[in-house]
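In what follows, every chain begins at residue 1, and chains take the letters A, B, ... in the order their sequences are listed.
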Protein chains: 2
Amino acid sequence: MAITVVGSVAYDSIETPAGRRERCLGGAATHFSLAASFFTDVRVIAVVGEDFGPRQEAVFNKRNIDIRGIERAPGKSFFWEGSYLENLNEAKTHQTDLNVFASFEPKIPDAYRDSQFLFLANIDPVLQRRVREAMPDVKLVAGDTMNYWIKDHRAALLEVLKGLDILLINDTEARMLAGNNNIVLAARAVMAMGPRLLVVKHGEYGASLFHRAGADGEASKTFKAPALPLEEVVDPTGAGDSFAGGFFGYLASQETLTPGAFRRAMFYGSVMGSFAVERFGTERIAQLTRKEIDARFTQFRELTHLD
Amino acid sequence: MAITVVGSVAYDSIETPAGRRERCLGGAATHFSLAASFFTDVRVIAVVGEDFGPRQEAVFNKRNIDIRGIERAPGKSFFWEGSYLENLNEAKTHQTDLNVFASFEPKIPDAYRDSQFLFLANIDPVLQRRVREAMPDVKLVAGDTMNYWIKDHRAALLEVLKGLDILLINDTEARMLAGNNNIVLAARAVMAMGPRLLVVKHGEYGASLFHRAGADGEASKTFKAPALPLEEVVDPTGAGDSFAGGFFGYLASQETLTPGAFRRAMFYGSVMGSFAVERFGTERIAQLTRKEIDARFTQFRELTHLD
C-alpha cells in the first residue's frame, strides 16, 4: 500500500570526523522516502526552490518515488548546515535557512488521495495537522518531531499527537515530551497523549517499540531492535528518517499488521538506519539493493537471537 | 563446575531517588557470588573486619556459597558511601574506606584448588594477578576492572589482561582503556591486550559480547543482550557484578562452551542485573528463586526475538 509523506526536501552542508560535504540533497522527507521506497510506493509532499534541478529529481525517480507533490517555489530550498565533530549522536547546527519552506502550504495531489499510509515527518506541527486532517481515511498514521517543537510549540504538537497511531522520536525527545527521565514511564505518558505505539530511537543502542496496554494484542509488551556495531559512522544525518522509512515502508508492504510485522518493521528500520550513516547524505541508500537489505536483516537477527 | 571469585565484601551506604540505606552488605564479590550461586558452586576469597557477623554470613550460607576463603582481620570491613541522585547510571562516591582491604593478601584455601572457573572481581590488579598466578590450571578466567585502575594503574592492569579469557567492563571503561571512542574499534583494541572475549555493559541499553576474530568459531561476530525496560531502578549498586555472576555462573554450569552457551550467558547476565536494581543492595537477589530467573529469561527472549 502506498505511503504519502510530508516533510522537508533540503540541502545540507555537513561536517563530521570523516570529512565535509557542501549542499548534499537532504531533508527528512528525502531520507524517509528513499528508505521506504525499497518496500512500497512512496509519494512526497514538500516544497523546493529554483535550486532543485534534474540531478535531485533523478535521485527520487531512480527509486520510483512520486514527486508530483513536490511544489516548486521562487527562491531557494530549505538549507541546513551542521557538524558532528565532538559527538556523533548530536548535530551542532550552524545555520538554518527556511527559505521557500517559510511559507509552505502543503497541497495534496489528487493522485495521492488513495494512500493508506501517512507519514508526518519532522516539520511544524501546524502543517502536520493540516495534512493529517486533509487525509482522514488513511489506515495508519505515523509521525516524527524534534526538541524545538516539543519545547516551543507544545500545544500545536499535542494536537498532532491526538491524530497519530505511531510516534517515532529519540530518547531525549521522549523524556522531554513526557517530563520524565525514566523511559518506561515517559513512554507511557507519551502514549497517553495519542499514539498507541511509540518508537524510541537510542542511536548506537538501537530502538524500542512500546505498545499502549491493550494495543495490537501485545498488552504493554516492548520490543527492542539493536543497532549494528559500526567501525565508522561517516554521517549520522538522516539516520532517524531512514529508520522511519524502513519501519513504516515495511509495515505498508504487509497485508495484515500482526505483532510479528511490527517486530520485523523495527529490524528493517534499524537496517536502513545502519546503511544511512555509512556515507554522506543520501549517497548510501540511493545506491542500495534489496539484496543488501536482506543480508543485513539476517545479520541483525544473528546479532540478537539465541539460536 | 565451581567458580572461585576474589574481590571485595563490603558495607555500602547508598542514596538513590528511591531512598537511603546505611551499611548494606555489598562489595563486588558479594554481588557476583550471590548471582552466580543460582547456577553453580561458588567460593569466595576476600577479607572482612570484625563488623562482619552472623547476619552477613547467613546471606552467603543461604545460597550455599563457600566462604571459607573470607578472611577475618582486626579492624573494619571495606566501606563505601555513594549516591545516584542526579544520574542512575553513575555513582557519585562520597567516601571510600579501604579499612582491612588496605593490607589484603589473598589466600587460596586448599578446598578451592579444584575450581575450574576463576573470576577476578574489581580490585587492585596486583592482587588480581597474584590470584591468577596461584591458580594456573583453571579452565576459564574472567575479570572486571574500573576507571581508577585503567587511569592510574595501567601497567599492572595490562599484566592482568594478558591472563584473562574474558573481560567485563562498561562503555566508558572500554573507551578509556582503548583510547578510542568507537566501541567496535575500542573492543578490538582491548581484545588485542589479552582477553579473547569482551563483554561491554551499556547500563539501561544492555550489553554486547565481542569475540576476537577466530575465537570460539564465531569469527569476529558480536552478540547483543538487552536490558529490561524498568519503571523504577531502586539501586544500581552491584548491577554490573550481578550481570557478571549470571554470565559466568551460567557458563560454569555448562558441559561445553558452545557459541550458544555464550549467548545464553549474556541473557542470564542481563536477567541477574535486572533483578539486582529492583531493591537496595543484595535484598532482591538474596530472595530470588530459579523460577523467577527462568521467567525473566523468557521475557528477555520475547523482548528481542522476531518469532
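Heavy-atom pairs under 4.5 Å with chain B peak, among A/E231, A/K224, A/Q299, at A/E231. Comparing A/Y205, A/F223, A/F267 by how many heavy-atom pairs each has under 4.5 Å with chain B, the most go to A/Y205. Among A/A186, A/P226, A/A187, A/P229, the residue making the largest number of heavy-atom pairs under 4.5 Å with chain B is A/P229.
When all heavy atoms are compared, the tightest approach of A/T16 to A/L85 is C-CD2, 3.6 Å. Looking at every heavy atom in both residues, B/Q287 comes nearest to B/E292 through O-OE1, 4.2 Å.
The line from CG of A/L168 to CZ of A/F32 is 8.5 Å long, rounded to the nearest 0.5 Å. In this structure, CD1 in B/I166 is found 9.5 Å from NE2 in B/H211, a value given to the nearest 0.5 Å. To the nearest 0.5 Å, the span separating CD on A/E278 from CG on A/L230 amounts to 6.5 Å.
With a 4.5 Å cut-off on non-hydrogen atoms, B/L228 does not touch chain A at all. In this structure, chain A has a heavy atom under 4.5 Å from the side chain of B/D171, while its backbone stays farther away. Heavy atoms closer than 4.5 Å to chain A are found in the backbone of B/E232, but not in its side chain. Only the side chain of B/F297 comes within less than 4.5 Å of a heavy atom of chain A; its backbone N, CA, C and O stay farther away. Neither the backbone nor the side chain of A/L88 has a heavy atom closer than 4.5 Å to any heavy atom of chain B. Proximity to chain A is limited to the backbone of B/A227, based on heavy atoms less than 4.5 angstrom apart. Within the 4.5 angstrom heavy-atom criterion, atoms from both the backbone and the side chain of A/L303 approach chain B. Of the atoms belonging to B/L306, heavy atoms from both backbone and side chain fall under 4.5 Å from chain A.
Residue-environment remark: NZ (A/K92) stays at or below the threshold of 12 foreign heavy atoms within 6.0 Å.
Using a 30° and 60° split on the angle between ring planes, A/F248 and A/F117 fall in the perpendicular class, above 60°.
A ring-ring contact (aromatic ring centres under 6.0 Å, His included) with A/Y268 holds for exactly one of A/F247, A/F275, A/F39, A/F262; it is A/F39.
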